[in-house]
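Heavy-atom basis, side chains included; hydrogens, waters and symmetry copies ignored.
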Amino acid sequence: MPAETMEELVSLCKRRGFIFPGSDIYGGLQGTYDFGPLGVELKNNLKAAWWRSMIYERDDVEGLDSSILTHKLVLRHSGHEATFSDPLVDNRESKKRYRLDHLLKEQTPDVLEAIATALKLENTISALVAGLLAHADAGTVLTNAKVIEPGEKKPSAWTQPRLFNMMFKTTVGPVVDEDSYAYLRPETAQGIFVNFKNVVDSTSRKLPFGIAQIGKSFRNEITPRNFIFRVREFEQMELEFFCVPGTDEEWHDKWLEARIEWWQSVGLSRDRIQIFDVPKEDLSHYSKRTYDLMYKYPSIGFEEIEGIANRTDFDLGSHTKNQESYALQAKVEPNADSTEKLSISHPETQKPIIPFVIEPSAGVDRGVLAVLTEAYTKETLENGEERIVLKLRPHLAPIKVAVIPLAKNREEITSVAKSLKAKLQKLGLGRVLYEDTGNIGKAYRRHDEVGTPFCITVDFDTIGQGKDGDSSLMDTVTIRDRDTMAQQRLNMNDLEQFLREKLR
RNA sequence: GCGGGAGUAACUCAGCUGGUAGAGUGCAACCUUGCCAAGGUUGAUGUCGAGAGUUCGAAUCUCUUCUCCCGCUCCA
């Protein structure tokens, strides 16, 4: 039974060192979280699994790590400057908040005409939005124009509209002036698009192929919520898969299947994943069609864990120079700034074309949250006691093996345990921990709670001092399975093979 | 941003109409011929989210602010 409430996960994460609130000792900074000693292992393991499946186990994807600081022209031509800011306005009476452009679309023509007249502007939605944002007393203009509250269909009183820019700006270089800013990227994808030519030139890739990247992105969310689900600084695992126009829909479906399979390979159950075919009117500015993979999170229910978008030729088309020489299908803004043609040869005709792009874009933090949700298990044991176990897939577990001395005041035992720990650590399986806190029972439970798949215990038999002077079990240890709690005795020399098999 | 709820030890929480902070678990050290949060001894930890005010005295009352949760709004 996976976790049922977010609270129990938050509590475990804090208690055991997975995830802490950001800037904690100063009261926290909204929308930021820090990954603790176990959280960083889990997150790294998840990213490594993705990287392996995307790049090593396929023959058609290259990796990339582009910078977070991004030239403003990149995000201007990508359309983010224009679309990643929402003008919002509040209704003073109903206390509801609307996007200004959405609100204007709900109005009758004479209301819009009244606003246009008051502002002495042409009567288009975009002109009115811009004019209202620039006007010092726009709230009064809206109210006087008898803008209706859509819910009640009645004129109402409105506040000054304000712009919520979703992109973080920062100053680059020592001189602070109006033009010396850059953005923290709102998606890793743009780093891939602007490196398209570099990758093609340096790897001699042909269509179809992909470029994958894992990295931080930043969005100034209006309302960060729900633990690490919606945060302002987050990590993405994105693939931009370039293909011949006309084959894009087929690839879109293939990637949808591949991504669902991958999420299952990290432990998510199929019945907690839903596919959401995003309706046309909700699509992003670059997308022709998007499937959202929705995972059933605790407390909040089905929410997006990955978006698989058909970005058409919008991005490369927007960033390329000489746009007019390609038969672009997406509607793009003119680009007089770009210095490169972002085309590639059509595999059959050899003519330069701008490829279509299928983008599976997954949230690392949302993935970690889903994996934790699914692994979290509360069991009632035979003796009536409750046990919390993280049934993580072994390849994701932060700690792979804990080596425990049965008695920590016996040097013969602790020294064997310590050297066994060092020996196992060298196998490169991941983190191996020497564990001597509390007593043996507590050590087991503690490792159940953080998902350690195996606990190895060095006891008196190991050092040839079994009961009644029995030395037949010399050099053997017990190894305990996290999920079944069953133990078996193995010679220390057989541990490597055992663990290599089980931790794959 | 609005409405509602909440912030006390690492976690879960108690602390009444103001009188100077507690429990359980956890954590640390030591002991234990022994294996499923076992037992024993000892120990540490709080600016009671922050700031200001009222008061002889504030965890408790008032104001401001920050953070979290729920709803609205918004959202790859």
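- The separation between Ile404(A) atom CD1 and A38(B) atom P is 14 Å, rounded to whole Å.
- Base pairing of G1(B) is made with C72(B), judged by Watson-Crick or G-U wobble geometry with both donor-acceptor distances under 3.5 Å.
- In a base pair of the Watson-Crick type (N1 to N3 plus N6-O4 or O6-N4) or a G-U wobble (N1-O2 and O6-N3), with each distance short of 3.5 Å, A28(B) is matched with U42(B).
- Salt-bridge formation is detected for the pair Arg311(A)/Glu359(A): a Lys NZ or Arg NE/NH1/NH2 atom is positioned less than 4.0 Å from an Asp or Glu carboxylate oxygen.
- If you take CG of Leu100(A) and C1' of C74(B), they are 14 Å apart, rounded to a whole angstrom.
- Using a 4.0 Å heavy-atom cutoff across all strands shown, Gly466(A) reaches no nucleic acid atom at all.
- In this structure, Arg482(A) fails the cation-pi test against Phe454(A), since its NZ or CZ atom is not both closer than 6.0 Å to the six-membered ring centre and inside 45 degrees of the ring normal.
- Across U67(B), A10(B), A37(B), the shortest atom-to-atom separation from the side chain of Arg16(A) is found for A37(B).
- Among the nucleotides A10(B), C35(B), U12(B), the one closest to any side-chain atom of Ser11(A) is U12(B).
- Across all strands shown, Glu359(A) has no heavy atoms under 4.0 Å from either base or sugar-phosphate atoms.
- If you measure from atom NZ of Lys378(A) to atom C1' of A37(B), you get 15 Å, rounded to the nearest angstrom.
- In the set A38(B), C35(B), C70(B), the nucleotide with an atom closest to the side chain of Arg225(A) is C70(B).
- Checking U33(B), C35(B), C36(B) against the side-chain heavy atoms of Met485(A) singles out C36(B) as nearest.
- Aromatic ring orientation, Tyr286(A) versus Phe314(A): tilted (interplanar angle from 30° to 60°).
- At a threshold of 4.0 angstrom between heavy atoms, the contacts of Thr457(A) include nucleobase atoms, whether or not backbone atoms are also involved.
- Residue Asn409(A) contributes atom CG, which lies 13 Å from atom C1' of A29(B) at whole-angstrom precision.
- With respect to the salt-bridge test (charged N to carboxylate O, under 4.0 angstrom), the residues Glu435(A) and Lys408(A) do not qualify.
- Between A37(B) and Arg445(A), a contact under 4.0 Å exists linking OP1 or OP2 to a side-chain N or O.
- Judged by closest nucleotide on RNA chain B, Arg15(A) is the one of Arg15(A) and Ile300(A) placed further toward the 5' end.
- In this structure, Asn439(A) atom CG and C36(B) atom C1' are separated by 9 Å, rounded to whole Å.
- The base of C36(B) sits within donor-acceptor range of the side chain of Arg480(A), with an N or O pair under 3.5 Å.
- Atom C1' of nucleotide C27(B) and atom NZ of Lys408(A) are separated by 11 Å, given to the nearest angstrom.
- Base pairing annotation: C13(B) forms a Watson-Crick or G-U wobble pair with G22(B), both donor-acceptor distances under 3.5 Å.
- Contact annotation: side chain of Arg446(A) to base of A10(B), donor-acceptor pair absent below 3.5 Å.
- Checked against the 6.0 Å centroid criterion, the rings of Phe218(A) and Phe234(A) do not qualify as a close aromatic pair.
- Each of Leu406(A) and Ile388(A) lies near RNA chain B, and the nucleotide nearest Leu406(A) is the one positioned closer to the 5' end.
- Phe234(A) comes within 4.0 angstrom of a base, heavy atoms only.
- Outside the 6.0 Å centre-distance limit, the rings of Phe35(A) and Tyr33(A) are not counted as a close aromatic pair.
- Counting to the nearest Å, the P atom of U32(B) and the NZ atom of Lys442(A) are 17 Å from each other.
- Summarising the geometry, the separation between CD on Glu8(A) and P on C69(B) is reported as 16 Å, rounded to the nearest angstrom.
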